[in-house]
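Everything below concerns the one structure shown next.
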Number of protein chains: 2
Amino acid sequence: MSPRKNEKIQEIRDIRQHELKEAAIELFGTKGYAATKISDITNKAEQSHGLFYHYFKSKEDLYVKVILELLTVIIGTVDQAEEEHDSPLKQLEWLTEVTHSGSLRDGVHRHILIMQALYSDHLTQEVKEEIVGKYRFMVERIEHIIIRGQISGEFIEGDAEELAVYHLSLVHGLLLTNARKISPIKVSAEKVLRQLKRHPGQGDDQ
Amino acid sequence: MSPRKNEKIQEIRDIRQHELKEAAIELFGTKGYAATKISDITNKAEQSHGLFYHYFKSKEDLYVKVILELLTVIIGTVDQAEEEHDSPLKQLEWLTEVTHSGSLRDGVHRHILIMQALYSDHLTQEVKEEIVGKYRFMVERIEHIIIRGQISGEFIEGDAEELAVYHLSLVHGLLLTNARKISPIKVSAEKVLRQLKRHPGQGDDQ
DNA sequence: GTCTATAAAGGGATAGAC
DNA sequence: GTCTATCCCTTTATAGAC
């Protein structure tokens, strides 16, 4: 078998796996893990049922791989926010916008999926810990941005961890609210950051 | 059969049904609808598997009944907030506290369950509309409280519907964050209402 | 009203042909 | 690498005895 041939085969493998992952993200994110059937995933990815098991050991295998990849991407987004913007306020504004952007396919399902994963109880202890660890790391990064914002005077005073929880809870709550189409609103980063931003003119002892 | 006897039988029916509903609320709320087995419910309620079908037509039947009842209870809580407190700010503070109170069993699972129901897609159109209708009614009630708070000058200006969505999203996001035990915090109504409360001293043109 | 046993269906996973 | 057919376990739902 020529090296050229191997390359081609590897390319096909990558494409098929990617198709399944993309389908899975949307389905897991909307229906949840338990309610999503293998056949739902393969149908959406336009593959046969059997082929699934050529690429993933099991439904849970795919699930865990997808979650961990998404967490890595999200952490990468935090990196990007810190690289591309100077002020902590601008960093969180940009992050918030990115999180809510991409009409469905992009950011939203991915974040919803992470939330569900953190909340689910069907994973083994080890896997769960790996996921929680990555998530915690992300929260800590937000926390540090908030601390720098407090020092610069852009953000209100208070326990940074608690403020991070309030901020992320609002972001995630809005994602869920917009995911179901009941009272969808255009999320604005400025409005999200209302609860974190310092109001000039009061207690300005900087 | 004496009337006394019928009463007794009815009482047993009510108790059994209630036990199943309570168990279902906790399980649906933590594991989700699809992942919850009938046997999970009957085990928790300490009943036999078969008895379930003596009280409910199906798993979905129980689910729908529970959701609709919970929505009625939540709307009743909004009524209570308006009866027992005068100022819109106090009303929302009280509601927020009540929602996050009751260490697990009480409020929290119930609200999480509602959120999941609004977001799920396995229900028939009619049932879904009934649920969404009740939920919308609740959101409108919050909206009206916000409008009154804007008139009284307690709340910031802006589209009341949008403000209601931000408020409820934060409340729900915090419920979810606290439900998984990753970074649990003591939710304070005052902090939740930071994003809604007017800051004295700026634009005070009342 | 309550239980155990069983039927019926659904869906995850595998086998084997192409 | 891909597909169809099938296995088999899990879970919903029913039957029938007590």
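Per chain, numbering begins at 1; letters A, B, ... match sequence-line order. Any value given below was found using the heavy atoms of this structure, including those in side chains, with hydrogens, waters and symmetry copies removed.
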Q: May I ask you to decide whether Asp121(A) forms a salt bridge with Lys128(A), counting only side-chain N to carboxylate O separations under 4.0 Å?
A: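 Here Asp121(A) does not pair with Lys128(A) in a salt bridge, since their nearest N and O are not under 4.0 Å apart.
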
Q.
Could you check whether Asp40(B) pairs with Lys44(B) (Lys NZ or Arg NE/NH1/NH2 to Asp/Glu carboxylate O, under 4.0 Å)?
A.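 Lys44(B) and Asp40(B): not salt-bridged.
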
Q. Do Leu113(B) and Tyr33(B) come close enough that some side-chain heavy atom pair is under 4.5 Å?
A.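 The answer is no, as the side chains (C-beta and beyond) never meet within the 4.5 Å cut-off.
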
Whole-Å gap separating [atom2] ([N]) and [atom1] ([X]):
X	N	atom1	atom2	result
Asn43(A)	dT2(D)	CG	C1'	15 Å
His54(B)	dG1(C)	NE2	P	4 Å
Tyr63(A)	dG12(C)	OH	C1'	17 Å

(Q) So that I know where these two stand, are His167(B) and Phe155(B) an aromatic pair - ring centroids less than 6.0 Å apart? (A)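 No, the ring of His167(B) stays outside the 6.0 Å limit from the ring of Phe155(B), centre to centre.
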
**Q.** Modelled atom types, side-chain donor and acceptor of Ser188(B) and Glu190(B), under 3.5 Å
**A.**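 No, no side-chain donor-acceptor contact under 3.5 Å.
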
(Q) So if I define the base as every atom that isn't primed, P, OP1 or OP2, how would nucleotides 3-18 of chain D read as a B/S/- string at a heavy-atom cutoff under 4.0 Å? (A) BB------SBBB----

Q | Worked check of side chain to side chain contact (heavy atoms under 4.5 Å, CB included) between Ile112(B) and Phe28(B) | A | CA-CA 9 Å; Ile112(B) 290 175; Phe28(B) 286 149; over 6 Å; no

Q. Which part of the nucleic acid, if any, lies within contact of Phe56(B), taking any heavy atom under 4.0 Å across all strands shown: a base, the sugar-phosphate backbone alone, or nothing?
A.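 Nothing: the residue Phe56(B), judged by heavy atoms under 4.0 Å, touches no strand.
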
Q. Does Arg13(B) place a side-chain N or O at less than 4.0 Å from the phosphate oxygens OP1/OP2 of dG1(C)?
A.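 So the side chain of Arg13(B) is within the cut-off, an N or O lying under 4.0 Å from OP1 or OP2 of dG1(C).
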
